[in-house]
Amino acid sequence: MRGGQRRGRPARRHRPLHPCDPSLARRPREGGCVSEAEREARRARLAALRASGIDPYPARVEPVERIAALRDRIGDAGAEDLEARVEPAAVAGRVMSMRSFGKLRFFDLVEDGRKLQASARKGEAPPAVLALLDQVDVGDAVRVEGTLWRTKTGELTLAATGLTMLAKSLRPLPEKWHGLQDVEARSRQRYLDLLVNEAARRTALIRSHTVRALRSFLDGRGFLEVETPVLQPLYGGAAARPFVTHLNVFDQRLYLRISDELYLKRLVVGGLDRVYEIGRDFRNEGLSRKHNPEFTMLECYQAFTDYNGMMELVEAMFEDVARSVLGQTRIEVQGREIELGGPYPRVTIQDALREACGVDILAAPDLETLRAAVRAVGLDPGDAPTWGRLVDDLFSEKVEPSLVQPTFVTDYPVELSPLAKRKASDPRLVERFELFVAGMELGNAFSELNDPDDQRARFVEQGRAAAEGDEEAHPMDEDYLRAIEHGLPPTGGLGVGVGRLVMLLADAPTLREVELFPHLRPEPPA
RNA sequence: GGGCGCGUAGCUCAAUUGGCAGAGCAAGGGACUCUUAAUCCCUAGGUUGUAGGUUCGAUUCCUACCGCGCUCACCA
């Protein structure tokens, strides 16, 4: 098939390239085919600045006041008041728009999301200011000093007596009315999204405030924030395929963690009885509205309690975080009202499925009888390979989407939960719950399995599943077993998907919207 | 990977049945001393995602490919 050789397509490489190989250089898509007029104009002004001895990227910035602080300071002081006071001010910011009237020019400065209008009047402003203003483009960072006045319309305005270029922008900002719409461009060039789309900025702030509120809540309850390894010789704590990497010095295979769980419980063994970690986990799996290959997980462990304690903890946590971030516990998520104030209803997975589709999973304790039971109620059992997976499939399809208000689903089958403690009343089940909100899993918790012999047996059982082809089976972890053989106190553990929590609080439809830099397909060569 | 949809100027979007590819913003030139989506006049900006095909003629119809979105599957 050499006949239709394509010129544009480079031959596929079969060997990995060194990261410095120039062929791997990222090439922004718009590279060659843009109209260059605007960038040439900006380049020309850059050159003009340099020609007149002005550094367009100076190292030093004279002191400035933050725009927010300035607005607080001035308040609603009136026009005459300001004129009488001759109020001086100096601010820095990005020029977001310019309006000129021949002899009077206005331009808007934005710094940390706050705007201040500046002005320069011919005959009033120093000639150097007016001359420099000719070289200023929308997008440039500048420092302005001058005196404050109010326009006829009451807008607080800084009449420039001094103007300094702080950073010349060589590319235009996106359209000022509609902002940047293209989903891909918004994700790839998040800085533009943040600059021109109010919602993007709001979401970023909500995320940061959420993490801060989580920390504050847990700190207030005596939890200790810790950091555990991201690079692990053995991954575990969740059902997922890992990323694999390599440590040269020991010629050692390492995995990027899929959860923090096993290390945090080692710390509980060590007497750090209340610990938490907020960190990135990595799962080598598909992307979706609710999944990113790397994501932020909060895990916390509390000794001398159990999954009931974790239910109370997470109820209090969500209520507290919502109040801290939004000032209220009632939120709207994709058009649906949700109340994050507890307590949340609790339902066993058995009851949930019995109600949703009339199947009693405990009355059908193996794959074949469960398949038959599912068919008996007119549903397709699909090709789930194990009983546990079929339960999971049924739940995901029939129950999960309907759980809009916060709901605890409890008492999972032991086969799905190799690290959770069995229920005393029914050894087929474990003391575990998952928290669902807006049809989405937000949290997962259990009474931690602290019987080392049972734990070993569970790992062995997982090994059998792995041998049967379950790529997500939990690996045997002798080092972890050694730790809990020293005695893990009764412990409740909780994991919360931070990004998903932010989706709720920011009313974002996808994880991609709350992830500043979501994973995207690599850009094609230009 | 399957299905559906989309891809037009830097950005946001039009283009009748297949008949000369347009507007606003941004840019360049000009007018204007209270605008804040300023306004007005002029100018420039395009291989319509790529490659083929049908046709006198393709942004429009067909095929393949690339990319994006939604969705299903995979997957927490």
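These figures come from a predicted structure and were not determined experimentally. Lettering follows sequence order; numbering is per chain, from 1.
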Can you check the distance between [N] and [M], where both ends of the measurement are the [atom1] atom (answer in whole Å)?
N: B/C70; M: B/G10; atom1: C1'; value: 27 Å
N: B/G19; M: B/G57; atom1: P; value: 14 Å
N: B/A21; M: B/A9; atom1: P; value: 15 Å
N: B/C61; M: B/A14; atom1: P; value: 15 Å
N: B/G3; M: B/G46; atom1: C1'; value: 33 Å
N: B/U60; M: B/C20; atom1: P; value: 13 Å
N: B/U59; M: B/A51; atom1: P; value: 13 Å
N: B/U16; M: B/U54; atom1: C1'; value: 22 Å

Is there a Watson-Crick or G-U wobble partner for [N] with both distances under 3.5 Å, and if so, which one is it?
N: B/G18; value: none
N: B/A51; value: B/U63
N: B/G5; value: B/C68
N: B/A23; value: B/U12
N: B/U39; value: B/A31
N: B/A58; value: none

Do [X] and [Y] have a side chain donor and acceptor closer than 3.5 Å?
X: A/Asp411; Y: A/Tyr307; answer: yes
X: A/Arg42; Y: A/Ser169; answer: yes
X: A/Arg346; Y: A/Thr410; answer: no
X: A/Asp281; Y: A/Ser259; answer: no

Looking at [options], which one has an atom nearest to any side-chain atom of [X]?
X: A/Glu285; options: B/C75, B/G67, B/A26; result: B/C75
X: A/Ala41; options: B/G28, B/A38, B/C75; result: B/G28
X: A/Phe101; options: B/A26, B/G67, B/U33; result: B/U33
X: A/Arg289; options: B/U12, B/U71, B/U33; result: B/U71

Quiz item: How about A/Arg114 and A/Leu70: do any of their side-chain heavy atoms sit closer than 4.5 Å?
Solution: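 Answer no - side chains too far apart.
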
For the pair [X] (side chain) and [Y] (backbone), establish whether a donor and an acceptor sit closer than 3.5 Å, ignoring hydrogens and angles.
X: A/Arg500; Y: A/Glu441; answer: yes
X: A/Glu448; Y: A/Gly492; answer: no
X: A/Thr203; Y: A/Ala506; answer: no

Categorize [X] for me: base, sugar-phosphate, or nothing, with a 4.0 angstrom heavy-atom threshold over every strand shown.
X: A/Asp392; result: base
X: A/Glu434; result: base
X: A/Gly179; result: sugar-phosphate
X: A/Arg42; result: nothing
X: A/Arg186; result: nothing
X: A/Ala238; result: nothing
X: A/Arg500; result: nothing

Exercise. Determine the interplanar angle of the A/Tyr344 and A/Phe408 rings, folded into 0 to 90°, and report it as parallel if under 30°, tilted if 30 to 60°, perpendicular if over 60°.
Key: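 Tilted.
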
Between [atom2] of [N] and [atom1] of [X], the distance in whole Å:
X: A/Gln117; N: B/U33; atom1: CD; atom2: P; result: 17 Å
X: A/Gln135; N: B/G28; atom1: CD; atom2: P; result: 10 Å
X: A/Leu130; N: B/U33; atom1: CG; atom2: P; result: 14 Å
X: A/Ile258; N: B/C75; atom1: CD1; atom2: P; result: 15 Å
X: A/Asp182; N: B/C68; atom1: CG; atom2: C1'; result: 7 Å
X: A/Leu511; N: B/C70; atom1: CG; atom2: P; result: 12 Å
X: A/Glu40; N: B/U43; atom1: CD; atom2: P; result: 21 Å
X: A/Leu180; N: B/C11; atom1: CG; atom2: C1'; result: 8 Å

Quiz prompt | 5' priority, RNA chain B, between A/Trp149 and A/Gln181 [closest heavy atom] | solution =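 On the 5' side of the pair lies A/Gln181.
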
Exercise. On RNA chain B, check which nucleotide each of A/Thr510 and A/Arg150 is closest to and give me the residue with the more 5' one.
Key: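 Checking each residue's closest nucleotide, the 5'-ward one belongs to A/Arg150.
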
Quiz item: Which ones in residues 69-100 of chain A lie close to RNA chain B, meaning a heavy atom under 4.0 Å from one of its atoms?
Solution: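 Hits under 4.0 Å, by residue number: A/Arg99, A/Ser100.
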
Quiz item: Stacking here means centres under 5.5 Å and planes under 30°; does A/Phe106 stack on B/U35?
Solution: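 One would call A/Phe106 stacked on the B/U35 base.
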
Self-check item: Note: A/Lys168-A/Asp137 ion pair, threshold 4.0 Å (strictly below)
Solution: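 Yes, charged N to carboxylate O under 4.0 Å.
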
Quiz item: Can a salt bridge be assigned to the pair A/Glu111 and A/Arg66 using a cut-off of 4.0 Å between side-chain N and carboxylate O?
Solution: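 The answer is yes: the pair qualifies as a salt bridge.
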
Quiz item: Is A/Arg121 near enough to B/C32 that one of its side-chain N or O atoms lies under 4.0 angstrom from OP1 or OP2?
Solution: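 Looking at the OP1 and OP2 atoms of B/C32, neither is under 4.0 Å from any side-chain N or O of A/Arg121.
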
Exercise. Indicate whether OP1 or OP2 belonging to B/G28 is found under 4.0 Å from a side-chain N or O atom of A/Arg45.
Key: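 Yes, such a contact exists.
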
